[in-house]
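Let me begin by presenting the structure, written as structure tokens, before commenting on it.
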Amino acid sequence: MASERYNPKEAEARWQSTWAERHIYETRNDDPRPKYYVLEMFPYPSGRIHMGHVRNYAMGDVVARYMRARGHNVLHPMGWDAFGLPAENAAIQNSINPREWTYQNIAAMRDQLKLMGLSIDWTREFATCDVDYYAQQQKLFLDLQKAGLAYRRKSRVNWDPVDNTVLANEQVIDGRGWRSGALVEQRELTQWFFRITAFNDDLLAALDGLDRWPEKVRIMQRNWIGRSEGMRVRFAINDRPPEGFDHIEVFTTRHDTLFGASFLAVSPDHPLATALAADRPDLADFIAECHRAGTSEEALETAEKHGFDTGLTVAHPIDKNLKLPVYVANFVLMGYGTGAIFGCPAHDQRDFDFATKYHLPIKPVVAPLEVIDTGAEFAAWIEQFSTGDEAYVDDGRLINSDFLDGMDVPAAKEAMAARLEAMTLNGHAQGVREVNYRLRDWGISRQRYWGCPIPVIHCPTCDIVPVPDADLPVELPHDVTFGRPGNPLDHHPTWKHVTCPKCGGAATRETDTMDTFVDSSWYFARFTAPWAKTPTEPDAANAWLPVDQYIGGIEHAILHLLYSRFFTRAMKATGHLDLDEPFAGLFTQGMVVHETYRLGTGQNGKWLSPAEIRLEEHDGKRSATLLSTGEPVEIGPIEKMSKSRRNTVDPSDIMDSYGADTARWFMLSDSPPDRDVIWTEEGVAGAFRFVQRVWRLVAETAPHLPAADSQAPAGQSDAADALRKAAHKALAAVGDSIGLLRFNVAVARMYELVNAIGAAASTPPGKDPLLDNALREALELLTRMMAPMMPHLAEECWATLGHENLVADSPWPEFDGSILVEDVIVLPVQVNGKKRGELTISSDASQGDVERAVMALDFVVRALGGNDPKKIVVVPKRIVNVVV
RNA sequence: GCGGACGUGGCGGAAUUGGUAGACGCAAGGGACUUAAAAUCCCUCGGAGGCAACUCCAUGUGGGUUCGAUUCCCACCGUCCGCACCA
């Protein structure tokens with residue numbers, strides 16, 4: 001008799017309210033079980049969840065439910081990264097308050113997330129725009145300021161002319177703003193910075209200990225921090241230096257090539273350039289020209305190296321008779337090292353290009369081993385510098401270099417460092433060893449409204465005054481207008497006008513707000529005690545942290561993940577918690593991608609959503625037509641789901657027609673979780689088929705099964721043994737796979753088990769009581785192992801199998817390894833490394849037994865043709881290879 | 001330019017980390033049930049040869065190590081990603 005189809009909509013709602021009523025996902029801080037903190041990167045409340053969220057939160061939920069079943073006290077919270085520009089843009093476009101817009105979006109998205117049936121402790125939910133949250137962030141800011149980790153300085157900053165705000169270095173991608181895509185300009189502004197560079201070495205060194213992070217992310221962070229060891233070298237200026245400049249300092253990692261120096265170059269922003277430009281209009285023009293060129297990728301790609309000969313010369317530190325010209329050059333960055341370099345054209349490509357252009361000497365000082373002492377070859381090698389266009393940057397031995405001659409590069413570096421340290425110039429060592437980093441301090445000031453106000457006051461007499469504790473939080477005013485460009489906080493009639501807490505005089509508030517990446521740099525700590533009247537309860541934070549498994553997109557490899565690592569250290573330094581690394585395990589999941597469809601070809605093609613088209617297949621060729629008119633539609637490449645490509649699928653639609661379990665299951669099957677998953681209608685349909693199939697199997701079989709607590713009858717049944725083995729093998733494999741986050745493999749193992757159960761269930765009930773018993777066991781194991789992935793269906797099956805309690809509350813089943821012990825095994829038998837047959841033999845057979853048995857197999861006899869084998873390789877319980 | 005990852009059927013992918021290549025799913029083809037459709041069930045499904053048991057080829061290409069290589073080593077080709085005038 002066919003049972004009714006499983007109705008996910010009805011069942012999912014029912015189980016979700018059961019879970020909520022019993023508060024089973026609420027986590028206590030005083031629970032004695034071992035802790036496990038699983039966290040997915042919290043969403044920005046854009047208004048609707050998208051498939052990327054579904055994938056992210058489905059994965060996290062599997063881990064959370066699995067670890068809960070394994071006996072852990074699991075913390076699995078959810079919140080909202082709720083400050084940021086989209087709210088202000090919406091405010092400008094739809095004349096709605098950013099606060100209202102944000103909280104409406106949160107409410108809508110929370111409803112959607114709840115439909116997914118996630119095992120989240122909603123009592124710990126917060127949004128970063130909640131006053132309770134950003135009030136604590138303001139306290140953190142002031143603590144950091146006291147500790148010297150937050151400071152203000154004037155600097156050249158990245159200005160996004162579209163978003164009208166400053167951006168951190170990490171937020172400039174290829175010279176463009178990470179959100180707006182606008183070409184970033186350089187401006188001089190006074191800004192607040194977090195001293196992330198105070199932890200340079202530690203942030204770098206600690207990467208080695210993050211062995212549960214993807215190697216890729218660690219490499220990206222290593223490169224971003226960019227440590228290089230070298231020397232700071234002083235060059236005395238000859239002739240008549242301008243007031244206040246008697247020397248120029250350069251940073252170099254190639255001090256071994258100092259004898260190959262042929263010029264010095266300083267950045268257009270170098271103080272010396274500025275000083276010289278004061279009475280040299282041609283130099284001032286040159287500098288202005290450099291600033292116009294910009295720093296975008298395109299600009300740099302095509303930018304030629306330009307230099308301006310200042311007419312000054314410096315003395316070579318060793319060979320004082322050698323005078324090197326000083327240029328101002330567009331390719332020298334003020335922000336790295338000292339803003340000045342020495343040019344060694346023979347061994348640096350950039351310097352080579354520059355020297356060629358300005359006809360400066362190119363003197364090789366490092367030669368490859370294979371040409372040294374070769375006469376003709378050496379002469380040819382030297383010759384290439386005058387005719388070729390390439391510098392020699394590889395290893396070798398020093399030549400033309402006085403006391404360094406004959407040394408290899410590391411030895412020459414060491415010798416030169418020692419020599420320069422011993423020499424003095426105007427009372428200073430001529431050179432000192434120095435380590436430089438690419439990483440800059442993190443500029444956090446944003447000239448925007450919808451962010452956490454920086455809690456300081458500017459007083460004409462007392463300068464910068466922190467807002468006193470009693471006056472915190474500095475709340476955002478509600479009555480703001482977005483009519484004109486610029487920062488609404490700045491335009492507000494009253495908000496910024498205050499009296500100075502120190503002197504009582506008239507003063508103004510800081511109107512800049514914090515970069516929203518500050519908000520997300522410590523939210524994981526706040527979840528451990530979101531009710532606290534301090535930023536954290538240190539005991540709770542120290543007990544829960546680090547996050548055991550963090551899951552999110554690779555796009556945060558540097559930004560959010562580096563900032564959070566810094567912030568954790570800063571919070572340790574200010575006593576809010578006591579650890580260095582916030583995320584012990586990190587997993588970066590792939591994107592959700594989908595085919596694209598266009599009406600018409602080329603640039604004019606109009607993007608169509610999957611709902612607007614019909615797909616067909618004839619003779620293996622797929623084609624698409626527009627549903628409304630039947631016009632042919634071009635099937636485009638598979639790309640990340642995006643609004644602009646219109647290739648999105650709304651999770652709510654999917655959950656409405658198939659249910660959350662189907663959506664979750666499909667997201668977890670097929671593709672490995674760190675790779676992109678292709679969303680297809682067929683794939684979802686397949687997942688839905690599986691849901692129905694499991695349900696049918698349970699619903700049709702359950703009424704005929706022995707009672708849940710019945711004892712296994714006596715006797716022996718091969719079918720029952722086989723089914724039990726299949727079930728317990730699957731149990732072990734599924735547990736292992738989930739532990740390794742290999743969800744697609746876990747899914748495949750469950751498909752196999754369902755196939756095995758389906759085959760066994762075709763035996764009429766009662767015919768083999770042992771098999772009936774094994775069927776119950778297999779179905780229960782299946783139900784419990786699929787519960788992390790399809791929690792609603794699992795509850796429904798669990799209840800149907802006669803259980804009163806919840807699967808969500810049940811422990812992970814015990815694996816019975818004893819039934820997998822075989823007394824007879826099947827060994828694959830190879831001849832010359834290729835499988836030719838099998839050998840069935842007792843599992844305790846000796847190597848000699850196996851060899852004798854193999855020699856009797858007819859395909860082995862045939863292959864040998866009467867000869868003795870050269871060798872027989874027996875890998876116990878694995879394989880046999882006969883070498884002929 | 002520097003750094004990294006990947007390359008297995010029509011497709012997504014699996015292969016106990018050196019041991020039966022292609023599990024599982026999707027698509028496709030054939031069949032059963034049905035008045036019909038949906039749903040469901042059964043069979044086939046890397047290539048070539050053979051009535052057949054079977055044989056040969058095959059994990060981007062070429063070499064190497066090994067009894068045995070998708071897995072390890074070398075070179076090359078291709079795709080994707082990150083960084084990039086960092087001295």
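Note on naming: letters A, B, ... go to the chains in the order of the sequence lines (proteins, then strands), and numbering restarts at 1 for each one.
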Nucleotide by nucleotide, nucleotides 36-52 of chain B touches protein heavy atoms under 4.0 Å in the pattern (B base, S sugar-phosphate only, - none) ----SS-----------

Protein-proximity profile, nucleotides 63-68 of chain B, B/S/- by nucleotide at the 4.0 Å heavy-atom cutoff, equals ----BS

What are the atom names and distances for every N/O pair under 3.5 Å that joins the protein to nucleotides 2-12 of chain B?
residue, atom, partner, partner atom, Å
B:G12, O2', A:S671, OG, 3.0
B:G12, N2, A:D670, OD1, 3.0

Side chain to side chain contact (heavy atoms under 4.5 Å, CB included) partners for [X], two or more places apart:
X: A:A687; result: A:T662, A:W665, A:F666
X: A:N755; result: A:R693
X: A:N881; result: A:Q830, A:V873, A:V883

Sort and list the pairs that fulfil salt bridge (charged side-chain N to carboxylate O under 4.0 Å, His left out) and have at least one residue in [range], not counting sequence neighbours.
range: residues 747-756 of chain A; value: A:R749-A:E752
range: residues 680-692 of chain A; value: none
range: residues 873-884 of chain A; value: none

Ranking A:P828 and A:V332 by the position along RNA chain B of their nearest nucleotide, the one closer to 5' is A:P828

What protein N or O atoms touch nucleotides 15-17 of chain B N or O atoms at under 3.5 angstrom, if any, and at what distances?
residue, atom, partner, partner atom, Å
B:A15, OP1, A:R742, NH2, 2.5
B:A15, OP2, A:R742, NH2, 3.1
B:U16, O2, A:R878, NH2, 3.3

So the stems of RNA chain B, runs of at least three Watson-Crick or G-U pairs (under 3.5 Å), are B:1-7 with B:77-83, B:10-12 with B:24-26, B:28-32 with B:40-44, B:46-49 with B:54-57, B:60-64 with B:72-76

A:R218 meets the side-chain hydrogen bond (donor to acceptor under 3.5 Å, both in side chains) criterion, sequence neighbours left out, with A:E215

